[in-house]
Amino acid sequence: MESSTIIQLAADAVLLLHALFVVFVVSGLVLVLLGGALGWGWVRLRWFRITHLAAIGVVVVQSWLGVICPLTTLEMALRTRAGESGYPGSFIAHWVEAVLYYQAPPWVFVVCYSAFGALVVASWFWVRPRKRG
């Protein structure tokens, strides 16, 4: 395999990891709220809830600081090194635009991330995690 192909595969792996991170953050809140209503015990696992809160916390802090996600930066660096063109801005902004043809200024994403983060924090009170587990 050529080195550019290996680098492209690495960029694709980073993209997949990034997509899985987004799915975890979004579906995590949905599952916590749904699981709380349906009595699913696993949504109250402390390690799961802390991991979920930390994940959205990182996203919110990065957006407040105007920092592009390190996964986006790594993926674009790998794509550039492999001779591909990257995309400007953040991962979410790029894919929201690509999928929904929606353009928004960066502050819109800051507000959305912050509101979502606030919902995750509120879910700690709506569906309380167990003391142990």
So do [Y] and [X] actually touch side chain to side chain, heavy atoms under 4.5 Å?
{"X": "W40", "Y": "V32", "answer": "no"}
{"X": "I50", "Y": "W47", "answer": "no"}
{"X": "T51", "Y": "F24", "answer": "yes"}

Co-membership, hydrophobic cluster, residues [X] and [Y], 4.5 Å side-chain:
{"X": "V120", "Y": "V59", "value": "yes"}
{"X": "L53", "Y": "F125", "value": "yes"}
{"X": "V58", "Y": "L74", "value": "no"}
{"X": "F48", "Y": "L38", "value": "yes"}
{"X": "L17", "Y": "V26", "value": "no"}

Does CH2 belonging to W107 count more than 12 external heavy atoms closer than 6.0 Å?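 No, the 6.0 Å shell around CH2 holds no more than 12 heavy atoms from other groups.
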Minimum heavy-atom distance between [X] and [Y], given as atom pair plus value:
{"X": "E75", "Y": "A11", "result": "CG-O, 3.7 Å"}
{"X": "L31", "Y": "V43", "result": "O-CG1, 3.4 Å"}
{"X": "H52", "Y": "V25", "result": "NE2-O, 2.7 Å"}
{"X": "R128", "Y": "R44", "result": "O-NH1, 2.8 Å"}
{"X": "Q62", "Y": "P70", "result": "NE2-CD, 3.1 Å"}
{"X": "K131", "Y": "R46", "result": "O-NE, 3.3 Å"}

Interatomic spacing from [atom1] in [X] to [atom2] in [Y] - rounded to 0.5 Å:
{"X": "L71", "Y": "L16", "atom1": "CG", "atom2": "CG", "answer": "11.0 Å"}
{"X": "M76", "Y": "L15", "atom1": "CE", "atom2": "CG", "answer": "7.5 Å"}
{"X": "S4", "Y": "L78", "atom1": "OG", "atom2": "CG", "answer": "12.0 Å"}

Parallel, tilted or perpendicular: which describes the rings of Y113 and F109, with under 30° parallel and over 60° perpendicular?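 Geometry flag for F109 against Y113: tilted rings.
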Identify, with sequence neighbours excluded, every residue that meets side chain to side chain contact (heavy atoms under 4.5 Å, CB included) alongside L33.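 Applying side chain to side chain contact (heavy atoms under 4.5 Å, CB included) to L33 gives L29, S123, W126.
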